[in-house]
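Counting begins at 1 with the first residue of the sequence. Every number for a ligand or one of its atoms is a count from 1 in the order of the listing.
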Amino acid sequence: MKILLNNSSLFESLRPFNDLGFVPTMGGIHKGHLSLINKSNKICKKTIVSIFINPKQFNNKKDLMTYPRNIQKDLNILKKNKKVDFVYLPKFKDIYKDKKKSKIRLLKKDKILCAKFRKGHFEGVLDVMNKLTRIVKPQKIFMGEKDFQQLYLVKKLLEQKYKTRVISCKTIRDKNKVALSSRNFLLKKSNLVIAGIIYKKLVNIKKNIKNQKHISNFLKIKKKELKNKFKIKIDYLELRNKKDLKTSKKINNSRLFIAYYLNNVRLIDNL
Ligand code: AMP
């Protein structure tokens, strides 16, 4: 596993390869990341993982400050996994060397779910993914369904701009069915137990949706119930079509999306 600390070492090392799988991360490596890496390793000849906490996608300073960082631990996990050929650890200037402001904007119809509640977040994500793709030039990029809206927006942008294909990967969960996330490192055990109970409630809500005449009313009531029962702030609880993320009135081809706060940590999930 070769560690690439800047762009010139990256360009030098990657030049010979034309079947490259790329797994972009912000570190805090967990089994969700490893599943993406394993898939890349199966499909592509070489796999590169990046670890870069992109300040431009944080709409909240405190969230950026407290985001889990432990490069040495991450590198140990990746090394042990034995499926990573390159780890790219860019500095801010490697990514943002041209100081021009990004022109990437969201369409009005995409300003939903997290885009509505985290202003500027996806503009930052799309900008960094655009830059990373230009630098790494991978044939395939592996991304998780856990961040479904991110996967949807990044795929839409990159596949029309580059030859790169964005491959979606299933959400990996812990034994309580909580979606793994680097932010879970910021939670207490008791929070994770509650997150597990909330997941089960969501499964039930989704099951019951098909008997409802007015889904949005039903979800409004369920949102209120969850909020009161667990004393949590919920940004959204919505059923949306998984192809275009439009609000959905039927369960087929749809996913239930939630974003909520536990112990001031924002968690998202979809099922
Ligand atoms: P992050 O480091 O949180 O930016 O995530 C890097 C990549 O890993 C993104 O494509 C995420 O969607 C993906 N990912 C994060 N958590 C999970 C999970 N529990 N299961 C599958 N993929 C995940």
Using heavy atoms and a threshold below 4.0 Å, how should the contact between V23 and ligand 1 be classified: side chain, backbone, both, or neither?
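Contact part for V23 vs ligand 1: neither.
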Examine distances only and state if a side-chain atom of Q149 and a backbone atom of C114 form a donor-acceptor pair shorter than 3.5 Å.
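Yes; at least one donor-acceptor contact below 3.5 Å.
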Does any N or O of ligand 1 fall below 3.5 Å from an N or O anywhere on I172, backbone included?
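By distance alone, the answer is yes.
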Heavy-atom side-chain contact between L187 and N184 under 4.5 Å:
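L187 vs N184: side chains touch.
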Are K116 and K111 close enough that some pair of their side-chain heavy atoms sits under 4.5 Å apart?
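When only atoms from C-beta onward are counted, K111 and K116 do not touch, as no gap falls below 4.5 Å.
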Minimum heavy-atom separation for M143 and L151, please, with both atom names.
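Nearest pair, atom of M143 first, then L151: CB-CD1, 3.7 Å.
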Taking only heavy atoms of [X] into account, list the atoms of ligand 1 that are under 4.0 Å away from them.
{"X": "H30", "value": "15 (C), 16 (N), 17 (C)"}
{"X": "Y67", "value": "3 (O)"}
{"X": "T25", "value": "2 (O), 6 (C)"}
{"X": "K170", "value": "20 (N), 21 (C)"}
{"X": "T171", "value": "20 (N), 21 (C)"}

Option of least heavy-atom distance to [atom] (set: [options]):
{"atom": "atom 5 (O) of ligand 1", "options": "H33, K31, M26", "value": "H33"}
{"atom": "atom 14 (N) of ligand 1", "options": "D147, V166, L180, D174", "value": "D147"}
{"atom": "atom 7 (C) of ligand 1", "options": "S182, P24, G28", "value": "P24"}

Could K155 and E159 be called an ion pair, given the rule that one side-chain N must be under 4.0 Å from one carboxylate O?
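Looking at K155 and E159, the cut-off is met.
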Any ion pair linking R255 and E145 (charged N to carboxylate O, less than 4.0 Å)?
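Salt bridge present between E145 and R255.
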Distance under 6.0 Å and angle within 45° of the ring axis: does K2 meet both against F17?
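So K2 doesn't make the cation-pi contact.
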State which residue, out of N270, D269, I251, L219, fulfils the side chain to side chain contact (heavy atoms under 4.5 Å, CB included) condition with L256.
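For L256, the side chain to side chain contact (heavy atoms under 4.5 Å, CB included) test succeeds with only one of N270, D269, I251, L219, which is L219.
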Among all protein heavy atoms in this structure, tell me which lies nearest to atom 10 (O) of ligand 1, with the distance rounded to 0.1 Å.
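I find the closest protein heavy atom is G144 N, 3.0 Å.
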